[in-house]
Undergrad: 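Can you keep this structure in mind? I'll have questions shortly.
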Amino acid sequence: MAAKDSSASPAAHVAIIMDGNGRWAKGRGKPRLHGHKIGARRVREVVEACPDYGVRYLTLYAFSTENWKRAPSEVAGLMALFRQFIRSETAELVRQGVRVRFIGDRRPLNSKLRRMMGELEQATARNETLNLTVALNYGARDELSRAAARMAADVASGKLPEANLDADSLRPYLDTADLPDPDLVIRTSGETRISNFLLWQSAYSEFEFTPVYWPDFGRNELARILANFGSRERRFGAVLT
Ligand code: FPP
């Protein structure tokens, strides 16, 4: 295990758009699902590395609301991979002190997967070393419309006075209500889009785009990006004196 890198100013919350699994597999003459399988191993490696670098929150974009448009065999393979990941990793996540949460709309997911997700959340609820949030059937526009609908209902019922509404009023209605905003958003595979990920929460996040495909992303690339983050100056719109 690498030594703690205390020189880097830690990004307490890192969010990652894990991209490039398909291209990685294609480059090796393998089916796309093979890339996702190796990608799942990288999830394990990055989860294990985060506490060593002062990262307390890790949020991973695993399946977007748009990903249903992929071939049915790939969607089914990904869903099977999520179930397999929960089955094989629960004990290790508990041992490592990882608290797992899921964000996104669970309703369209298969009932068995939903049950397993709930059980994993319960089994890890008291853990504190790392907060791992998996975005599954997540889309920021979908999250924002669900949040706005619930907020509107509270305004209509008088629970939330309209006169009190401000820029932070939506926060408690978001899927991420219990989480701090991400300090750093990483996207792998050379693409430079946000792709409907944490749009509200990333208002002041730093962004880092790496050409590395997700199945090749590991501890070393994370450490390099975090060291780079540590050297940036974040102003949150203010002028620093
Ligand atoms: C994007 O690569 C990746 C995904 C849509 C799936 C991400 C899922 C994993 C890494 C599997 C394991 C995750 C967990 C949480 C167990 P892509 O298929 O769009 O790649 P491409 O752009 O090269 O086609």
Side-chain angles (χ1 to χ4, degrees), residues 14-50 55 57-94 96 98-106 108-110 112-114 116-121 123-124 130-140 142 175 185-198 209-219 221-222:
V14 174
I16 308 182
I17 303 174
M18 306 179 290
D19 196 12
N21 294 351
R23 278 164 285 166
W24 184 91
K26 193 174 172 210
R28 284 160 179 77
K30 304 265 189 186
R32 296 176 56 81
L33 261 176
H34 179 67
H36 296 317
K37 275 185 196 148
I38 304 301
R41 287 192 203 157
R42 295 319 200 169
V43 168
R44 171 190 258 222
E45 178 176 339
V46 168
V47 164
E48 213 175 284
C50 276
V55 175
Y57 293 84
L58 174 68
T59 299
L60 300 176
Y61 205 3
F63 193 89
S64 75
T65 46
E66 288 72 37
N67 285 153
W68 297 105
K69 295 181 199 139
R70 295 188 174 206
S73 58
E74 184 175 350
V75 171
L78 276 167
M79 294 299 156
L81 192 58
F82 298 140
R83 290 197 300 273
Q84 193 189 325
F85 183 85
I86 295 175
R87 246 192 314 271
S88 64
E89 296 298 314
T90 296
E92 185 58 19
L93 291 165
V94 170
Q96 288 175 18
V98 179
R99 176 171 185 178
V100 183
R101 296 176 176 86
F102 291 92
I103 56 170
D105 185 358
R106 298 179 196 207
L109 300 174
N110 161 288
K112 185 174 175 195
L113 176 59
R114 282 200 324 249
M116 293 173 79
M117 289 159 63
E119 285 169 0
L120 180 58
E121 285 177 325
T124 61
L130 176 70
N131 290 276
L132 169 64
T133 302
V134 180
L136 220 170
N137 192 32
Y138 174 86
D142 177 67
D175 293 354
V185 179
I186 299 171
R187 181 170 190 150
T188 62
S189 92
E191 306 293 341
T192 50
R193 296 182 297 276
I194 183 97
S195 296
N196 205 13
F197 187 47
L198 302 179
F209 300 99
T210 168
V212 173
Y213 289 151
W214 178 252
D216 285 332
F217 190 97
R219 175 184 284 272
E221 183 62 2
L222 177 69

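None of the values given here were measured: they were computed from a predicted structure. We count ligands from 1, going down the list as the structure has it; atoms in each ligand are counted the same way.
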Undergrad: Could you check if a side-chain atom of Arg187 sits within less than 4.5 angstrom of a side-chain atom of Thr192, using non-hydrogen atoms only?
TA: no

Undergrad: Step through the shown structure and confirm whether more than 12 heavy atoms of other residues, nucleotides or ligands are within 6.0 Å of CZ on Arg44.
TA: no

Undergrad: Between Arg42 and Glu221 (salt bridge meaning N to carboxylate O under 4.0 Å), is one present in this structure?
TA: no

Undergrad: Contact between Leu60 and ligand 1, counting heavy atoms under 4.0 Å?
TA: no

Undergrad: Against heavy atoms of Arg32, which atoms of ligand 1 measure under 4.0 Å?
TA: 17 (P), 18 (O), 24 (O)

Undergrad: In the protein, which heavy atom is nearest to atom 9 (C) of ligand 1, and how far is it?
TA: Asn21 ND2, 3.8 Å

Undergrad: Should Glu66 and Arg193 count as an ion pair when the cut-off is N to O under 4.0 Å?
TA: no

Undergrad: Determine the minimum heavy-atom distance between Ile17 and Ile194, stating which atoms define it.
TA: CD1-O, 3.5 Å

Undergrad: In Å and rounded to the nearest 0.5 Å, what is the CZ to CG distance from Phe102 to Leu109?
TA: 9.5 Å

Undergrad: Give the single entry among Ser189, Ala62, Ala135 that approaches atom 15 (C) of ligand 1 most closely by any heavy atom.
TA: Ala62

Undergrad: So is Trp214 polar-close to ligand 1, meaning N/O to N/O under 3.5 Å?
TA: no

Undergrad: Any idea how Phe197 and Tyr61 line up, ring-wise: parallel (<30°), tilted (30 to 60°), or perpendicular (>60°)?
TA: parallel

Undergrad: Closest by any non-hydrogen atom to atom 19 (O) of ligand 1: pick that one out of Arg23, Arg70, Gln84, Arg83.
TA: Arg70

Undergrad: Judged by non-hydrogen atoms, does Glu89 sit under 4.0 Å from ligand 1?
TA: no

Undergrad: To the nearest 0.5 Å, tell me how far Thr210 OG1 sits from Leu222 CG.
TA: 11.0 Å

Undergrad: With atom 12 (C) of ligand 1 as the reference point, say which of Gly77, Ala40, Ser64 has the nearest heavy atom.
TA: Ala40

Undergrad: When you compare ligand 1 with Trp24, is there at least one nitrogen or oxygen pair between them that comes in under 3.5 angstrom?
TA: no

Undergrad: When only distance counts, is Leu78 in polar contact with ligand 1, meaning an N/O pair under 3.5 Å?
TA: no

Undergrad: Can you tell which of Asn137, Val134, Thr133 makes a side chain to side chain contact (heavy atoms under 4.5 Å, CB included) with Ile103?
TA: Thr133

Undergrad: Any atoms of ligand 1 less than 4.0 Å from a non-hydrogen atom of Asn67? List them with their elements.
TA: 5 (C)

Undergrad: Considering only protein heavy atoms, which is closest to atom 13 (C) of ligand 1, and at what distance to one decimal place?
TA: Phe82 CE2, 3.8 Å

Undergrad: Looking at atom 4 (C) of ligand 1, what's its closest protein heavy atom, distance included?
TA: His36 CE1, 3.9 Å

Undergrad: Can you tell me which residue and heavy atom of the protein come closest to atom 3 (C) of ligand 1, and the distance to 0.1 Å?
TA: Met18 O, 3.1 Å

